[in-house]
Amino acid sequence: MIRSRLKAQRLAFLFLMGCFFFNYPLLSVFNQGGVIYGLPPLYVWLMVSWLALIVQMAWVVERKGD
């Protein structure tokens, strides 16, 4: 019971992190000119942060125990 509640809290936190990552103020920081590995910084930010959230969610869900 406690582990499932802790897992739910962690997933809720990751959801809020995702809302913060993909909201206007932070996206406007990366929507500037320039190039990172041939891509605009906004695209790099979106893909890297999306990948980070997926990896963290998989880690939380697949975790055996504390």
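Hydrophobic clustering of Ile, Leu, Val, Met, Phe, Trp and Tyr side chains at less than 4.5 Å, counting indirect connections, unites M47 with F30. L46 and V29 fall within the same hydrophobic cluster, where Ile, Leu, Val, Met, Phe, Trp and Tyr residues are linked whenever their side-chain heavy atoms come under 4.5 Å apart, directly or through other members. A single hydrophobic cluster is seen to contain both V61 and I54, as judged by linkage of ILVMFWY side chains at heavy-atom distances under 4.5 Å, directly or through other members. Clustering ILVMFWY residues whenever any of their side-chain heavy atoms sit less than 4.5 angstrom apart, transitively, puts L14 in a cluster other than the one holding L6.
From S28, atom OG reaches atom CG of L42 across 9.5 Å, with rounding to the nearest 0.5 Å.
Scanning all heavy atoms of the two residues, the minimum distance from L27 to F22 falls at CD1-O, 3.6 Å. The two residues G33 and P41 have their closest heavy-atom pair at O-CG, 4.4 Å.
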Residue pair W50, F21: steps toward the ring pair (Phe, Tyr, Trp, His ring centres under 6.0 Å) verdict: CA-CA 9 Å; W50 186 259; F21 283 169; over 10 Å; no

Output, in order, the C-alpha distance, side-chain angles, deciding distance and verdict of side-chain contact (heavy atoms from CB on, under 4.5 Å) for K7 and L11. CA-CA 6 Å; K7 185 184 289 188; L11 288 173; 4.3 Å; yes

Decide side-chain contact (heavy atoms from CB on, under 4.5 Å) for R63 and R10; before the verdict, give the C-alpha distance in whole Å, the side-chain angles of both, and the deciding distance to 0.1 Å. CA-CA 12 Å; R63 197 168 168 179; R10 288 179 178 162; 2.9 Å; yes

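When hydrophobic side chains of Ile, Leu, Val, Met, Phe, Trp and Tyr are connected at separations under 4.5 Å, F15 ends up clustered with L16. Through direct or indirect side-chain contacts shorter than 4.5 Å among Ile, Leu, Val, Met, Phe, Trp and Tyr, V44 is connected to I36, Y37, L39, V48.
For the pair Q56/V60, no side-chain contact is recorded, criterion being any heavy-atom separation below 4.5 Å from C-beta on.
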